[in-house]
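Chain letters run A, B, ... following the sequence lines, proteins first and then strands; every chain starts at 1.
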Amino acid sequence: MGTPNFAVKILESLFESKKHTIIGVVTQPDRVRGRGNKVEDSPVKQYCLMNGLEVYQPEKVKSADFLVLLRKLQPDVIVVAAYGQILNEEILNLPKYGCINVHGSLLPKYRGAAPVQYALLNGETESGVTIMQMDKGMDTGAMLCKKAVAVSENMTAGELFDALAEVGARAMLQVLDELTNGMAKTQVQNENEATYTHLLKREMEVIDWGLSANVIHNKIRAFNPVPGAYTHLSNGKKLKIWRSMVVDGEGEAGKVIAADKQGLVVACGTGALKILEVQPEGKKSMAVKDFVNGHGVRVGDLLK
RNA sequence: CGCGGGGUGGAGAAGUGGUAUCUCGUCAGGCUCAUAACCUGAAGACCGGUGGUUCAAAUCCAUCCCCCGCAA
C-alpha cells in the first residue's frame with residue numbers, strides 16, 4: 001500500500017527482487033488534480049500499470065467491501081509506504097506477519113505526516129528510515145529495523161526522500177527476510193522521546209525574511225520539490241525559491257544586496273541568503289543567473 | 001468548459017503593423033603575471049504550428065500544440 005514516488009521506490013525494489021510475490025497493490029483513488037482539473041493516476045498506480053501489477057483503489061480501505069477483498073487475497077504481510085489512509089485493527093491483524101511500514105525518520109522522533117520535511121526544517125544533520133510493525137497508533141509500532149542517513153547542509157527534501165527510499169527499500173527487504181525465517185527482532189519505541197509532525201500548511205510556504213538565513217534556508221530545502229517556498233517581488237508577483245545558500249551579509253530584511261553575475265543575495269534578519277535557483281510565477285524554474293540577466297530584480301528591491 | 005501567466009538565436013528578456021533589440025553564453029583574436037575581469041570581431045532566429053486579414057504581421061483575427069503559476 002502506497003501512493004507517491006517514495007512508495008514506488010519501495011514497491012520497485014520488492015518487485016525487482018523477485019523474492020516476494022506481490023499479490024496486489026493498494027493506492028489512493030484517482031483524484032482530479034493539476035491544471036484543467038484532469039484526473040491523474042498516483043505514481044504507484046502508474047508503476048503498476050506499466051508492470052502488470054494488480055491495483056486496488058478503495059475510496060476507504062476500512063470499508064467492509066474492501067475488507068472482504070483483502071481477506072480473499074490472503075496476504076502474508078502488507079507493506080505500507082506513504083499510503084495516505086489510516087488502517088484499522090482488522091486490517092492490521094489480517095496478514096500473518098501483520099502490516100509493516102517504512103517511515104522516513106528515526107523513530108520515535110518525527111512521527112506523523114511530514115517527517116522528512118521537518119527534519120530539514122529543524123536543520124537535522126542526520127535522519128533515517130525506520131521499518132516498524134504497525135499498530136493502531138500513529139507511527140507508534142515496534143521497530144524492526146532502523147537505518148540512519150546523513151543529511152548534508154544543502155540537501156533538499158526531494159534528495160533526502162530519494163536517499164531514504166533507497167535505504168528504506170533495502171531495509172524492507174532485509175526485514176521481510178527476517179520475518180519469514182523467524183530472525184526478526186523488535187524494539188519498542190521510547191515514548192518519552194517521541195515527537196510529532198503535522199502536514200505542512202499553506203501559509204508556511206511564504207518566506208519571512210525577518211528570520212535568520214539558516215531558518216529560511218532550511219525552509220527552502222524542506223519545501224523542494226514541493227510545494228516550494230516563495231516570496232513576492234516588488235511588482236507583487238510570486239517568486240519561488242528552489243535553492244539557496246547561507247552567506248555572510250547584512251541589511252534590511254528582504255532587501256536585495258547583490259544582483260549580478262556573481263549571484264543574487266538577499267539580506268535576512270540574521271545573515272544573508274544567496275539565491276541559486278528561482279521560479280517566477282508563470283515561468284519555469286531557472287538558474288538565478290538567468291533570472292538576474294532577464295532583469296527580474298535589482299539591488300535595492302525589497303522582497304516580501 | 002475551474003482561474004491566470006507564457007511560448008522571440010543555446011539561456012533570460014525587450015519589441016503590440018513596416019522583415020528583430022538587449023544581457024548572458026558560445027567561437028575567434030587581443031589585453032593581462034593571471035582571470036569568472038576588460039577590449040575587438042564572428043557565428044547563431046523562417047519570432048510554437050496552421051489558416052486568415054493587410055501593400056506589409058513577431059505584432060491583428062481564428063484554430064491547434066506545448067510550458068508554467070493558482071485553486072482543488
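- Note on A:Arg35: a side-chain N or O is less than 4.0 Å away from OP1 or OP2 of B:rG69.
- Annotation: B:rU63 and B:rG17 have their P atoms spaced 23 Å apart (nearest Å).
- Between A:Leu120 and A:Gln117, the closest side-chain pair of non-hydrogen atoms is not below 4.5 Å.
- To the nearest whole angstrom, the two P atoms, one in B:rG44 and one in B:rC39, are 24 Å apart.
- With P as the reference atom, B:rG18 and B:rU59 are 12 Å apart, rounded to whole Å.
- Among the protein residues, A:Gly296 comes within range of no part of the nucleic acid, since none of its heavy atoms lies under 4.0 Å from any strand.
- Taking only side-chain nitrogens and oxygens, A:Lys240 comes nearer than 4.0 Å to OP1 or OP2 of B:rC70.
- Atom C1' of B:rU23 sits at a distance of 11 Å from the matching atom of B:rA14, rounded to the whole Å.
- Atom P of B:rG9 sits at a distance of 14 Å from the matching atom of B:rU21, rounded to the whole Å.
- Not one side-chain nitrogen or oxygen of A:Lys289 sits closer than 4.0 Å to the OP1 or OP2 atom of B:rA36.
- Listed pair A:Gln279 / B:rG69 meets the phosphate criterion, a side-chain N or O lying under 4.0 Å from OP1 or OP2.
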Take A:Leu11 and A:Cys48 through the test side chain to side chain contact (heavy atoms under 4.5 Å, CB included) and record every step on the way to the result. CA-CA 9 Å; A:Leu11 173 61; A:Cys48 290; 4.0 Å; yes
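- Aromatic ring centroids of A:Tyr118 and A:Tyr110 lie 6.0 Å or more apart.
- B:rC24 and B:rU40 have their P atoms separated by 12 Å, given to the nearest Å.
- For the residue pair A:Ser42 / A:Thr3, no side-chain donor-acceptor distance below 3.5 Å is found, with atom types taken as modelled.
- The separation of B:rC64 from B:rC22, taken at their C1' atoms, amounts to 32 Å, rounded to a whole angstrom.
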